[in-house]
Amino acid sequence: MEAAKPLINAFRTKSKQATLLWLEGFREACCLHRVLILCHRSRKLLIRTGQCFLLNGFIFLGSIIILNSVIVPALHWILPDRCPEFSSQELCSFGGILKFYSFLRLGLIQIFYVTWFYPLYVFSIILSNIWYNDIAKYGFAAMGRSGPTTLDPVRQNEALALQIGAGTERPTGLGGVMIGIGEQVYSLLLLSCFFLEVYVTGFIPYVGKALNFLLLSWMYAYYCFEYKWNFSEVRLDKRLDFFESNWAFFAGFGSPCVLPVLFFSPLVSYGFMAILFPLFVLTATGSEAEQVISSQRTKWGDAGFGRLPIFNAADTLSMRVLSLFPQESQELLQKKKDS
């Protein structure tokens with residue numbers, strides 16, 4: 001028992017540090033005043049953000065509210081599922097009519113979904129992703145590139161070390177273009193496989209819901225920061241290393257965005273998350289995550305948690321998929337991944 005005490009104390013210390021870093025990430029995500037500042041600086045950003053609210057909030061969520069509060073009750077009134085008192089008892093005694101009403105009611109609701117909700121859902125995903133890129137671009141431009149924050153020498157070195165390779169060496173000309181394309185292809189494939197992993201974990205008994213929430217938080221946190229890292233030309237391997245080395249911070253950052261999945265149906269939670277996501281993209285754009293993490297590590301004597309292989313399963317699946325591609329593409333992506 002005495003031999004286990006150092007391990008228990010170390011576990012408690014690491015748990016406390018991880019919790020504090022999670023809270024820092026959560027706090028950074030909730031700094032929504034940055035959204036107001038950036039929208040005030042850029043009219044284009046304000047318009048794009050407003051369009052996201054209009055499409056996903058007013059139209060998409062509004063349609064769900066109209067369906068549940070107006071259309072469904074009206075169908076239940078017109079096509080009841082039980083016999084009203086004033087109706088002919090002889091007609092109601094024939095149970096087939098109520099079954100027909102139920103079938104017709106469900107059919108009409110499904111027609112509404114097929115002709116309106118599902119096309120609107122697909123249209124919202126496509127258009128919102130285009131707008132998210134514009135929002136990140138306008139937000140990044142509105143931030144400007146001001147000088148570095150004044151730090152003491154130790155923290156300044158740590159912050160520089162945590163800048164995750166922004167603007168590091170990349171071949172110019174055709175080689176640089178090919179590496180850039182390879183990065184984008186690999187990143188898209190990696191995140192697609194990770195999304196599949198998130199989806200599958202939702203079916204695990206007992207712990208599936210919690211695990212799904214955690215993985216979804218990491219996925220949305222990565223999406224939020226990916227725009228900033230793309231515009232800063234941060235290499236993919238540096239992004240993944242920084243993300244997995246500071247997993248507690250990013251788990252906290254992604255949590256506010258995915259909270260709706262705990263309280264609403266999939267369609268409704270998508271609508272809320274589509275509204276919230278551009279706000280957190282902007283908070284990520286204005287965030288100084290490297291300095292926040294550096295500040296916490298300075299308090300702990302530069303103690304870290306080690307790299308958590310969050311994307312390991314998705315990476316394995318991605319490489320299996322890439323094995324189906326021509327050898328040249330596989331070598332290019334593997335070289336970029338190992339660089």
Side-chain angles (χ1 to χ4, degrees), residues 35 44-79 81 100-139 184-185 187-203 209 212-213 215-217 219-220 222-224 226-227 230 254 256-282 321:
V35 179
K44 291 181 179 180
L45 175 61
L46 179 62
I47 292 174
R48 273 288 183 264
T49 307
Q51 288 173 331
C52 276
F53 272 88
L54 180 64
L55 174 62
N56 298 305
F58 185 77
I59 298 178
F60 188 82
L61 288 179
S63 298
I64 295 178
I65 293 173
I66 291 174
L67 173 66
N68 293 329
S69 60
V70 178
I71 296 178
V72 172
L75 288 175
H76 275 280
W77 180 72
I78 298 171
L79 304 170
D81 53 2
F100 174 73
Y101 282 171
S102 177
F103 175 79
L104 185 58
R105 186 174 61 249
L106 293 176
L108 291 173
I109 293 175
Q110 290 303 314
I111 289 175
F112 188 84
Y113 271 94
V114 171
T115 59
W116 177 250
F117 264 123
Y118 295 143
L120 180 62
Y121 177 73
V122 174
F123 177 75
S124 172
I125 290 177
I126 296 173
L127 193 57
S128 293
N129 277 283
I130 296 173
W131 286 347
Y132 293 156
N133 188 73
D134 290 341
I135 287 172
K137 179 175 65 176
Y138 297 146
Q184 293 301 319
V185 171
S187 178
L188 179 63
L189 185 59
L190 180 72
L191 293 175
S192 298
C193 293
F194 189 75
F195 177 78
L196 180 62
E197 181 184 343
V198 172
Y199 177 77
V200 171
T201 55
F203 295 98
K209 192 74 174 179
N212 180 266
F213 180 84
L215 294 178
L216 204 58
S217 298
M219 187 178 75
Y220 270 85
Y222 186 87
Y223 279 144
C224 288
E226 186 182 37
Y227 292 101
N230 276 335
C257 189
V258 299
L259 279 176
V261 302
L262 299 179
F263 305 104
F264 303 105
S265 64
L267 276 178
V268 176
S269 61
Y270 163 77
F272 277 108
M273 291 165 68
I275 293 173
L276 294 174
F277 182 69
L279 303 183
F280 294 121
V281 168
L282 292 176
V321 173

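- Closest non-hydrogen pair, Val198 versus Met219, comes out as CG2-SD, 4.5 Å.
- For the pair Pro278/Arg48, no side-chain contact is recorded, criterion being any heavy-atom separation below 4.5 Å from C-beta on.
- Residue Ile59 holds its CD1 atom at 12.5 Å from CD1 of Ile64, rounded to the nearest 0.5 Å.
- Leu67 has its side chain out of reach of Trp116: every pair of non-hydrogen atoms, C-beta onward, lies at least 4.5 Å apart.
- The CG atom of Leu106 sits 11.0 Å away from the CD1 atom of Ile111 when rounded to the nearest 0.5 Å.
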Practice task
Apply ring pair (Phe, Tyr, Trp, His ring centres under 6.0 Å) to Tyr199 and Phe203, showing your working.
Solution key: CA-CA 8 Å; Tyr199 177 77; Phe203 295 98; 5.2 Å; yes
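- Here the shortest heavy-atom pairing between Leu45 and Gly139 reads CD2-CA, 4.0 Å.
- Among all heavy-atom pairs drawn from Gly57 and Ile275, the shortest one is CA-CD1, 3.4 Å.
- At a threshold of 4.5 Å between non-hydrogen side-chain atoms, the residues Phe272 and Val268 count as touching.
- At distances below 3.5 Å, at least one donor-acceptor pair connects side-chain atoms of Ser269 with backbone N or O atoms of Pro266.
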Problem - Worked verdict on Tyr223 versus Phe280 for ring pair (Phe, Tyr, Trp, His ring centres under 6.0 Å) - result: CA-CA 10 Å; Tyr223 279 144; Phe280 294 121; over 10 Å; no
Practice task
Kindly determine whether Leu216 and Tyr220 satisfy side chain to side chain contact (heavy atoms under 4.5 Å, CB included), including the steps that lead there.
Solution key: CA-CA 6 Å; Leu216 204 58; Tyr220 270 85; 4.0 Å; yes
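- With rounding to the nearest 0.5 angstrom, the CZ atom of Phe112 is 6.0 Å from the OG atom of Ser63.
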Exercise for the section: Could you walk me through whether Leu279 and Phe53 pass side chain to side chain contact (heavy atoms under 4.5 Å, CB included), step by step? Expected result: CA-CA 10 Å; Leu279 303 183; Phe53 272 88; 4.0 Å; yes
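- Aromatic ring orientation, Tyr270 versus Phe60: perpendicular (interplanar angle above 60°, classes split at 30° and 60°).
- Between the side chain of Ser192 and the backbone N or O of Leu188 there is at least one donor-acceptor pair closer than 3.5 Å.
- In this structure, the separation between CG on Leu104 and CG on Leu75 is 8.0 Å, given to the nearest 0.5 Å.
- The shortest heavy-atom contact between Gly271 and Leu61 is CA-CD2, 3.9 Å.
- Two residues are said to be in side-chain contact when any heavy atoms from C-beta on lie closer than 4.5 Å; Phe277 and Tyr132 meet this criterion.
- Residues Leu276 and Pro256 form no side-chain contact, since every pair of their non-hydrogen atoms from C-beta on lies 4.5 Å or further apart.
- The heavy-atom pair separating Trp131 from Gln51 by the smallest distance is CZ3-O, 3.4 Å.
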Exercise for the section: Carefully, step by step, assess Leu215 and Phe194 under the rule side chain to side chain contact (heavy atoms under 4.5 Å, CB included). Expected result: CA-CA 9 Å; Leu215 294 178; Phe194 189 75; 4.0 Å; yes
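- Residues Val261 and Met273 form a side-chain contact, since some pair of their non-hydrogen atoms from C-beta on lies under 4.5 Å apart.
- One distance of note links CZ of Arg105 with CG of Leu108; it measures 9.5 Å at 0.5 Å rounding.
- Minimum interatomic distance between Val258 and Phe213 (heavy atoms only, all atoms of both residues): CG2-CE1, 3.4 Å.
- Here the straight-line distance linking atom OG1 of Thr201 with atom NZ of Lys209 works out to 10.5 Å at 0.5 Å rounding.
- Each of Ile135, Asp134, Leu127 was compared with Cys52 under the side chain to side chain contact (heavy atoms under 4.5 Å, CB included) criterion, and only Ile135 meets it.
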Exercise for the section: Would you sort out whether Thr49 and Tyr138 count as a side chain to side chain contact (heavy atoms under 4.5 Å, CB included), showing the intermediate values? Expected result: CA-CA 10 Å; Thr49 307; Tyr138 297 146; over 6 Å; no
